[in-house]
Amino acid sequence: MATTVPPKTRIPGCSFLIEDRRPDEIFTPEDFSEQHRLIAQTADDFCNNEIVPNAEKMEHKDYSISRDLLKKAAELGLSTVDIPEAYGGLEMDKVTSCLIADRIAKYAGFATTWGAHTGIGTLPLVFFGNEQQKQKYLPKIAAGEIVGAYALSEATSGSDALNCRARAQLSPDGKHYLLNGEKMWITNAAFADLFTVFAKIDGEKFTAFLVEKNFPGLSVGKEEHKLGIRGSSTCPLVLNDCQVPVENVLGEIGRGHIIAFNILNVGRFKLGASAVGGARNAVDQTIAYAKQRRAFEKPISDFGLIREKLANQAVGIYVGESIVYRTVGMMDSVLSEIDKSAADAMTQARKGIEEYAVECSIVKVWASEMLDYVVDEFVQVYAGYGFVEEYPAERAYRDARINRIFEGTNEINRLIITGFVLKRALSGQLALLPAIKRVMDEVMSGPSMSEEAESPLAAERAIVANAKKLGLLIAGAASQKYMQALVDQQEIVGALADMIIEAYAMESCLLRTQKLVATHGETAAKLPIAMTQIYLTQGMEKIEAAAKKVTAAVAEGDMLRTQLAIVRRLAKFEPFNTIALRQLVAQRLIETGKYGIV
Amino acid sequence: MKILVCMKQVPQKDAPLKLNESGTWIREDVSYEVNEPDAYALEEALRQKEKHGGEVVVITSGPARAQQVLREALAKGADRAIHLEDDAFVGLDALNTARAFAAAIKDEQFDLIFTGLQSDDYGFAQTGVILAELLGWPHATIIMQIEKNDTGIRVKRELEAGFFQFVNMPLPAVLTIQSGINKLRYATLIGIKQAKNKPMRKVALADVQSALTPNLQKIERLYVPQKTKKTETLDGPPAEIAKKLVDKLRNELRIL
């Protein structure tokens, strides 16, 4: 397809650590096209009219409704954005994909069902299926006629999925593999038609199989009684000499790990979008309640400590949107350059997404933790009513918790973040070491005269620049001490991940605000500026804490004191009046009755 | 049947209304949506087309932002759109809006023109009726049902107190459609994707200027009503309170 739009900047993954970006190089929610907005509207309407009114029934395991809704969502096209056109899909950009996940997230039970079906239930086939397999299954998946599921975890293997005990053995006639074992925590299991199951052929070769519900020897166990997302099905899968035709081996024999890890990678950013959508819904309800509930003869939304919570929740969504859409925007500009008719188009697409594996993990960790904060305050503002089932906060609180666990626990994702960054640095893909050296030279030469730049947001930009410098400096200090063995120091790796996560979140938020200021002016962007200043303050606090923690672990004596002095210097900035800023943000939320940035 | 649907972009129902600085209308930067009865009018047109074949054309007047309602209509299945694009169309009286529409479609031959019953912002319920007059066509308002027959159409009008009126009409005709006449469809993603390539004809103010007369509508002042509800507590011994209460009910509220 010919295009008159000049290609956008192709930004290498992880480069935010060592390079600065201009606001016009990043994608923000303000850049949604008319088409994006219309699609968001359809997703919104579908959620409000079809999903939310049926939430209670799904919560009580009426899966006929879940299946019906999956069918309807497919008919509207909401489930087929990631499926190629050749197989009945719409093959649209990842921004669209995220927007739908974001808007459908109001009811987490169904959002999980839908997310598992369109994500881990469908994508293994999209990325790794052969022509015959795709022809056979994808059009039916696209039409919502068959529901997908993904069976990787077992009772004794989760994060270490490669240690699975499920076995596969070729039948004597060579026509089938016989699968034996038990899979656990399988989303959609009760009503799924097609499972991507992982097992080791001859106990060695880790391999993926496409297993239909009706294959002999497959049975679905009892529903788990879960803390949250009760509107979704989660059961074990029992394989008892389950007969899988040899043509249903997915991808290469013995290379199932490529599928297992990639599919989680490519789905992770969508979990972030969904967390942001869930949080937005929680905030809107928190605001509504705070305005209506009275204490001491006035609405509780008049009280500073309540307003502070509302403001923090809104800041969470603003930053969440910034990191999610910045990340998928980068992906889309890479994916849009792929020749879709190329034989290896899907491999290129997978690699294109994988390029941003670190950013995807950041989005997953940051957004799931933000959501947990938001629902916690949701309960707190509702107080007693927040603790009982009749009110919405209770369910939201329970539903949010799983996000820090599935699609790779946040701990595993923190290891991925630092681990991938170090790996890229060692392989020369990321010029991390020269960047660390530059920062070290700079700080060793003593405090520089900071330019008193007059341009808008100059102070904020300085904070973000220092946050990134701190990250590099501490990463350098830790690598120097542990060298290759750094990856074994999980607490340090985790703290470094926290710094990387915060740096990305702070920068994404600032760049979005800069873009808003550039288009609408400082006055119109008053609210985003306030939210940015609030966030930078708290982000820098976290970075400083992590920096101190690592420094104390890797240095001692004079060295420790010198390094701490540098940490303090870089983390220092003239504080914003965050009380006044939060008041300002809260005031707007209360006036408009919902989250917004104008 | 060839059907034209007149649509309007109005401030979103649940959006907090912010007044402009001169206090004469709503600020430009609020959220907008399709006028609700117009959405039902579009849905009805699409259903008629599905039954009898033909074409659905949508038209609106307003600034660039108003194009959104046309795109939405195209995404839902309208075949093409006409956009009378100018800021001056905001706040234009119903007579001139109808004149502008009539001028913009003078070379077209429609069998039916649908408008929503009224707009959610001004609520005049006039544009459709005046348009019928200008075209010299029959019209019927508050339409709940439309059946095509041999001589034209038979429509069901909503009257008051649960009464309905059935009217046989010749074509062409103008109908103003009531909300709730049908169930609205969603814009599908494939529809949204295709909408980009459907024709959208732009009409400038200058193109229809000669058909217009001076705007007769002017809003002098727009304001949010002051809350006047007040609770008063009567104190004192019961007998005295009763006396005060009777006094208030008789002399202040005059309900005794």
Side-chain angles (χ1 to χ4, degrees), chain A residues 1 32-51 72-83 85 88-93 96-97 99-100 103 142-143 284 287-288 291 297 519-521 523-525 527 587-594 596-598, chain B residues 7 9 11-19 21 26-34 36 39-40 42-43 58 60 63-78 81 83 180 182-198 200 224 227 230-231 233:
Chain A
M1 195 177 70
F32 291 148
S33 66
E34 192 176 46
Q35 183 172 311
H36 287 140
R37 287 171 209 276
L38 282 171
I39 290 172
Q41 185 63 48
T42 292
D44 243 344
D45 291 347
F46 179 71
C47 188
N48 292 333
N49 302 336
E50 317 283 338
I51 301 175
K72 281 188 188 162
E75 283 162 7
L76 290 177
L78 293 170
S79 308
T80 57
V81 168
D82 297 315
I83 300 177
E85 273 179 345
L90 285 166
E91 201 171 347
M92 293 168 104
D93 57 358
T96 300
S97 190
L99 252 178
I100 297 171
R103 296 304 200 270
D284 290 352
I287 299 167
K291 281 172 74 169
E297 292 178 355
T519 25
H520 300 290
T523 323
L527 214 57
Q587 185 57 34
R588 281 304 289 155
L589 296 171
I590 292 159
E591 275 167 21
T592 54
K594 60 178 183 188
I597 61 163
V598 286
Chain B
M7 306 190 73
Q9 192 187 40
Q12 217 167 42
K13 271 192 290 294
D14 59 352
L17 292 185
K18 294 176 278 188
L19 303 186
E21 280 186 14
I26 298 156
R27 254 169 57 180
E28 265 295 305
D29 62 350
V30 298
S31 306
Y32 290 90
E33 64 184 359
V34 176
E36 193 183 49
Y40 287 96
L42 170 69
E43 178 64 37
V58 286
T60 198
R65 61 167 162 78
Q67 188 185 299
Q68 182 80 16
V69 305
L70 299 179
R71 284 276 174 233
E72 203 175 315
L74 294 173
K76 286 185 172 184
H83 185 190
N182 45 41
K183 189 169 181 288
L184 300 179
R185 71 190 62 195
Y186 298 101
T188 64
L189 270 69
I190 190 84
I192 293 171
K193 225 175 158 182
Q194 287 164 350
K196 273 203 299 198
N197 300 320
K198 288 184 176 175
M200 164 113 47
V224 181
K227 263 193 195 160
K230 206 167 71 187
T231 308
T233 315

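Letters A, B, ... are given to chains in the order of the sequence lines, protein chains preceding strands, and every chain is numbered from 1.
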- Message: Minimum heavy-atom separation for Phe46(A) and Tyr186(B), please, with both atom names.
- Response: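 Answer, listing the atom of Phe46(A) first, then Tyr186(B): N-CE2, 3.5 Å.
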
- Message: Between Glu75(A) and Thr188(B), is the side chain to side chain contact (heavy atoms under 4.5 Å, CB included) condition met? List the steps.
- Response: CA-CA 8 Å; Glu75(A) 283 162 7; Thr188(B) 64; over 6 Å; no

- Apply side-chain contact (heavy atoms from CB on, under 4.5 Å) to Arg37(A) and list each qualifying residue two or more places apart in sequence or on a separate chain. Phe32(A), Gln68(B)

- Please identify each residue that fulfils side-chain contact (heavy atoms from CB on, under 4.5 Å) with Thr519(A), with sequence neighbours left out. none

- Go through the atoms of Ile100(A) and report whether side chain, backbone, both or neither lie under 4.5 Å from a heavy atom of chain B. side chain

- Task: Give a yes or no answer on whether the side chain of Lys193(B) reaches the backbone of Met92(A) with a donor-acceptor pair at less than 3.5 Å.
- Result: no

- Message: If we define contacts as heavy-atom pairs under 4.5 Å, which of Leu189(B), Ile190(B), Ile192(B) has the most with chain A?
- Response: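 Among the listed options, the one with the most contacts to chain A is Leu189(B).
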
- If you count heavy-atom pairs under 4.5 Å between each of Arg71(B), Arg185(B), Lys196(B), Glu72(B) and chain A, which one has the most?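 Result: the option with the highest number of such pairs is Arg71(B).
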
- Query: Less than 4.5 Å apart, any side-chain heavy atom of Gln67(B) and any of Glu34(A)?
  - Reply: yes

